[in-house]
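Structure first, then comments.
In what follows, every heavy atom counts, from backbone to side chain, and hydrogens, waters and symmetry copies are set aside. For this chain, numbers begin at 1 and follow the sequence in order. Predicted model only: the values in this text are computed from it and were never measured. Counting starts at 1 for both ligands and their atoms, in listed order.
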Amino acid sequence: MNRLLLVVVAVIVIIVIAGLAYYFATSQAPTKEYLVVGTSPDFPPFEYIDEEGNVVGFDIDLIRLLAQKAGYKDIKIVTMDFDSLIPALTQGKIDVIASGMTITEERKKVVDFTDPYWEADQAILVREDSGFMPKSIDDLNGKTVGVQTGTTGADYVKSYAEEHGLNINVKEYSSFVLAVQDLVNGRIDAVVVDSPVAKMFEQKYPVTIATIIKTGEQYGFAVRKGETELLQALNKALHEVKNSPEWNKLIEKYFGSAG
Ligand code: ARG
């Protein structure tokens, strides 16, 4: 009698323990709701604000696709100045940077990048009717040049001027759109900006590309250092998208041609 009772109690205890173990194992599996994406929406066609005031662009569509493939319900977009993105990421305010960010050795010390998804050089943008046609950075000597704070273009112009003893008045802007507006209004002589974006500005404003400086940059999405699981999931998804018809659809949508 006692023995039977013992067996029954033991069985109940085992069932309860197994049940609890199962409950905790499943409830502690990561619940992926939203991937929080940081961006500086002044960089068409990668990220910009459309007529309705929405943040849209190639990077936004692409990271949404990658997030969904990685098991997230959707993305949440947080906008800020370009130079605030890396601090926001390391402080945990955002999970990923999608902002046409060039993969550099300097940045790689602080964040981890996905595989590259785009290539770019720097362009010197001038006012269409100015008659000023710089063929190199040297031709910017004595001129006022707009850049966006914290960008590779800003670094490039500043270090080039220093190394070559040029007197370039580098004016830093929080946004490329503001820099281009100042160029249009004649407040500055040129803007140095990534080549694909310069091409878009050419279509939207009375400005023209005077020359392209080959810097051979590659864009990647950035995650916090050590977030290997997220990084691997994004890379896997990126690889899938690049090898699917969605890739050319995205290019067609934002660049107008598959190339
Ligand atoms: N590719 C350049 C960099 O990484 C410029 C990126 C600017 N991006 C932006 N969304 N404003 O420094």
Side-chain angles (χ1 to χ4, degrees), residues 36-50 53-64 75 77-90 93-125 137 145-161 170-183 188 190-202 204-205 207 209 212-223 250 254-255:
V36 184
V37 176
T39 194
S40 169
D42 59 347
F43 206 61
F46 298 99
E47 44 271 336
Y48 57 99
I49 301 189
D50 71 7
N54 300 312
V55 179
V56 296
F58 183 88
D59 285 347
I60 309 301
D61 280 10
L62 180 55
I63 196 68
R64 180 178 288 112
I75 56 168
I77 301 165
V78 181
T79 63
M80 65 191 80
D81 292 349
F82 186 75
D83 68 338
S84 301
L85 287 167
I86 289 184
L89 182 66
T90 56
K93 290 180 187 148
I94 54 175
D95 300 320
V96 60
I97 299 172
S99 205
M101 188 173 271
T102 302
I103 302 167
T104 68
E105 290 309 314
E106 203 60 28
R107 290 172 180 159
K108 273 188 346 198
K109 290 178 193 157
V110 200
V111 299
D112 283 342
F113 283 99
T114 61
D115 294 335
Y117 65 87
W118 206 260
E119 279 168 17
D121 295 304
Q122 293 297 314
I124 303 178
L125 211 54
I137 296 282
V145 178
V147 294
Q148 183 180 34
T149 307
T151 57
T152 49
D155 282 352
Y156 186 85
V157 177
K158 287 192 278 187
S159 54
Y160 189 98
V170 179
K171 192 159 180 215
E172 298 203 16
Y173 292 86
S174 59
S175 130
F176 269 126
V177 173
L178 296 176
V180 171
Q181 281 167 358
D182 262 10
L183 177 63
I188 57 177
V191 168
V192 172
V193 57
D194 297 40
S195 49
V197 178
K199 283 179 192 143
M200 286 297 145
F201 283 139
E202 252 185 342
K204 291 193 188 174
Y205 298 89
V207 295
I209 296 174
I212 288 186
I213 305 147
K214 289 249 170 269
T215 52
E217 296 172 51
Q218 291 187 313
Y219 297 168
F221 299 110
V223 301
L250 262 184
Y254 287 106
F255 293 86

Legend entry - Glu202/Lys199 salt bridge by N-O under 4.0 Å criterion: no
For [X], counting its heavy atoms only, list the atoms of ligand 1 lying under 4.0 Å from any of them.
X      : answer
Asp42  : 9 (C), 10 (N), 11 (N)
Gln148 : 7 (C), 9 (C), 11 (N)
Met101 : 4 (O)
Tyr219 : 1 (N)
Ser40  : 9 (C), 10 (N), 11 (N)

Inset, instruction - Mind running ring-ring contact (aromatic ring centres under 6.0 Å, His included) on Phe82 and Phe176 for me, showing each step along the way? - result: CA-CA 10 Å; Phe82 186 75; Phe176 269 126; 8.2 Å; no
Legend entry - Option with minimal heavy-atom separation from atom 3 (C) of ligand 1, where the choices are Thr104, Thr152, Asp59: Thr152
Legend entry - Candidate with minimal heavy-atom separation from atom 4 (O) of ligand 1, of Glu217, Arg107, Glu47: Arg107
Inset, instruction - For Phe46 and Tyr219, run ring-ring contact (aromatic ring centres under 6.0 Å, His included): C-alpha distance rounded to whole Å, both residues' side-chain angles, the deciding distance at 0.1 Å, then the answer. - result: CA-CA 11 Å; Phe46 298 99; Tyr219 297 168; 5.2 Å; yes
Inset, instruction - May I ask you to check whether Tyr173 and Asp42 show a side-chain donor-acceptor distance below 3.5 Å? - result: no
Inset, instruction - Please check if any side-chain donor atom of Thr104 sits under 3.5 Å from a side-chain acceptor atom of Glu106, or the reverse. - result: no
Identify the protein heavy atom lying closest to [atom], giving its residue, its atom name and the separation to 0.1 Å.
atom                   : result
atom 8 (N) of ligand 1 : Ser99 O, 2.8 Å
atom 1 (N) of ligand 1 : Asp194 OD2, 2.6 Å
atom 6 (C) of ligand 1 : Gly100 O, 3.3 Å

Inset, instruction - Could you check whether the rings of Tyr117 and Phe221 sit parallel, tilted or perpendicular, using 30° and 60° as the cut-offs? - result: parallel
Inset, instruction - Return yes if some donor-acceptor pair links the side-chain N/O of Thr149 with the main-chain N/O of Glu172 below 3.5 Å, else return no. - result: no
Inset, instruction - Check whether any side-chain N or O of Ser175 sits under 3.5 Å from a backbone N or O of Val177 as a donor-acceptor pair, and report yes or no. - result: yes
Inset, instruction - Quick one: look at Gln122 and ligand 1, take heavy-atom pairs under 4.0 Å, and tell me if it's side chain, backbone, both or neither. - result: neither
